[in-house]
There are 2 protein chains.
Amino acid sequence: MMLMMGLEQFTFKKLAVEIDSAEASIYRYFENKHQLLLYLVSAYWEGLHHELDEKLKSTKDRMQGLDYALQLISGVSGRPVFMASLHPDKLRRIVVAESSKAYHTVQVDENNRKGLFLPYKRFCYELTELVRSVNADYNYPSALVSTLIETALNERYFSDHLPSLTELKSGSNVDQELYLFLRDLCARVLQTKLDSRRHSSQQILL
Amino acid sequence: MMLMMGLEQFTFKKLAVEIDSAEASIYRYFENKHQLLLYLVSAYWEGLHHELDEKLKSTKDRMQGLDYALQLISGVSGRPVFMASLHPDKLRRIVVAESSKAYHTVQVDENNRKGLFLPYKRFCYELTELVRSVNADYNYPSALVSTLIETALNERYFSDHLPSLTELKSGSNVDQELYLFLRDLCARVLQTKLDSRRHSSQQILL
DNA sequence: GCACGATGATAGTAATACTATCAAGACCTT
DNA sequence: AAGGTCTTGATAGTATTACTATCATCGTGC
């Protein structure tokens with residue numbers, strides 16, 4: 001429902017009608033709509049974090065780890081993502097469309113103090129460590145990571161709604177294109193080839 | 001008022017009380033709160049666009065033009081920005097905190113068709129042309145530009161509210177640090193030194 | 001002195017975001 | 001099997017929000 005009608009139009013009342021319950025009952029589970037959004041967004045980042053940890057257990061190569069992280073945030077990682085019994089694909093689309101509203105509020109600082117952004121921050125921190133492993137001399141690992149993550153969401157949204165702002169063409173393989181863009185960006189910034197599969201010419205990066 | 005209480009808490013009713021008018025009177029000027037936001041955000045991008053055009057008239061060097069554009073979006077450009085008699089500094093803070101809500105709605109496509117995002121898109125397009133001038137071989141000029149612009153807003157917001165996500169330290173010269181980060185990012189991606197003033201060591205980029 | 005266009009004031013509505021209260025059922029103990 | 005408690009649901013109500021409709025006023029040009 002949230003995906004279809006957007007966060008603004010989505011209400012607990014409508015949800016209650018849909019699931020044949022009462023508005024007040026929903027409030028027992030979630031303080032308000034914003035807390036529900038926070039829960040969904042956190043579930044998403046926890047899910048990605050879990051997937052990344054699994055990968056890092058089986059791979060010691062930090063470069064490959066970072067590459068996999070970019071696949072995760074691009075939505076092209078092979079195996080289905082574990083995330084609290086929620087549909088990964090729909091959850092990702094909600095995050096793409098609404099997650100910025102999770103922290104663009106007057107209560108950011110209060111919510112941050114309460115630890116409500118910890119899953120997101122922990123995932124960022126793990127990526128930052130990977131960036132540091134790949135290039136210890138780069139001065140802005142944290143800023144690069146938050147940029148990559150936010151860019152993954154933004155560019156994906158732009159490709160669907162403001163296509164003139166990006167080269168990524170909305171279609172069946174946007175996510176793949178997004179991944180290639182992020183990998184290219186990351187590789188240029190960190191001045192490394194990000195994965196073993198070498199690309200012979202620039203055309204592949206198109 | 002919008003800056004102080006945030007877009008959600010800000011209402012036309014409160015504004016009417018503040019300026020000693022009536023709620024319905026405000027509706028004569030702006031269809032609704034969202035249209036007001038759209039107006040403010042557009043005024044901001046129009047203002048930056050105007051400043052950039054002024055600069056490009058006096059400078060033929062596209063590299064310096066791009067550098068100036070980065071100064072503009074970082075908020076470190078010397079002269080005060082012309083923007084429809086609005087206080088540039090407050091306007092920028094509103095844009096940093098709220099602009100993502102301007103297009104993260106169910107009505108994006110409709111608003112986009114109506115041309116409500118044109119000022120933003122035109123500014124992006126002008127930057128994209130600068131990027132192309134500086135490096136014609138780079139495959140993602142549009143995506144890079146939207147990334148730089150959104151990153152300028154995001155990282156600025158993070159430095160104030162989620163500081164662990166960025167190296168930029170909230171303080172008197174955040175904007176300067178932001179500018180250095182964006183210039184470094186842009187230079188690495190486009191594989192060029194962005195301005196004439198060469199920096200002798202990496203410390204300066206910190 | 002009058003017409004009119006722009007603005008303001010008053011009042012009202014539907015929907016939203018809650019809150020309070022009470023009732024029903026599950027289950028746990030003795 | 002009776003009693004108590006804990007969880008969940010249903011009902012009803014409130015303050016606020018986001019508008020809309022209608023009427024009054026005021027300055028301006030002619």
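Per chain, numbering begins at 1; letters A, B, ... match sequence-line order.
- Residues from residues 22-32 of chain B with heavy atoms under 4.0 angstrom of DNA chain C, sorted by number: B/A22, B/A24, B/S25, B/R28, B/Y29.
- When the side chain to side chain donor-acceptor pair (under 3.5 Å) test is applied to A/K60, no partner is found at least two apart in sequence or on another chain.
- Counting non-hydrogen atoms of other residues, nucleotides and ligands closer than 6.0 Å to OH of B/Y125 gives a total of 12 or fewer.
- The structure places CG of B/L178 at 11.5 Å from CD of B/Q71, a figure rounded to the nearest 0.5 Å.
- A salt bridge between B/R113 and B/E110 is absent, with no side-chain N of the basic residue lying under 4.0 Å from a carboxylate O of the acidic one.
- Using a 4.0 Å cut-off between charged nitrogen and carboxylate oxygen, B/R92 and B/D175 count as a salt-bridge pair.
- Within residues 110-117 of chain B, no residue approaches DNA chain C, by heavy-atom distance under 4.0 Å.
- The salt bridge (Lys or Arg N to Asp or Glu O under 4.0 Å) pairs that include a residue from residues 9-27 of chain B number zero, where partners must be two or more places apart or lie in different chains.
- Relative ring orientation between B/Y27 and B/F12 is described as perpendicular, the plane-to-plane angle rising above 60° on a 0-90° scale split at 30° and 60°.
- The two residues A/T151 and A/T147 make their nearest non-hydrogen contact at OG1-O, 2.6 Å.
- Of the inter-residue distances, the one linking A/W45 atom CH2 with A/S99 atom OG reads 6.5 Å to the nearest 0.5 angstrom.
- Ring pair B/F117/B/Y103 is perpendicular by interplanar angle, where above 60° counts as perpendicular and below 30° as parallel.
- Inter-residue side-chain proximity for A/L36 and A/I26 is flagged as unmet; no heavy-atom pair is nearer than 4.5 Å.
- Interface limits on DNA chain C: the 5'-most and 3'-most nucleotides within less than 4.0 Å of chain B heavy atoms are C/dT7 to C/dT10.
- For the segment residues 7-20 of chain B, residues with any heavy atom less than 4.0 angstrom from an atom of DNA chain D are, sorted by number, B/T11, B/K14.
- In this pair, B/Y138 and B/Y140 present their aromatic rings perpendicular. The plane angle is above 60°, beyond the 30 to 60° band.
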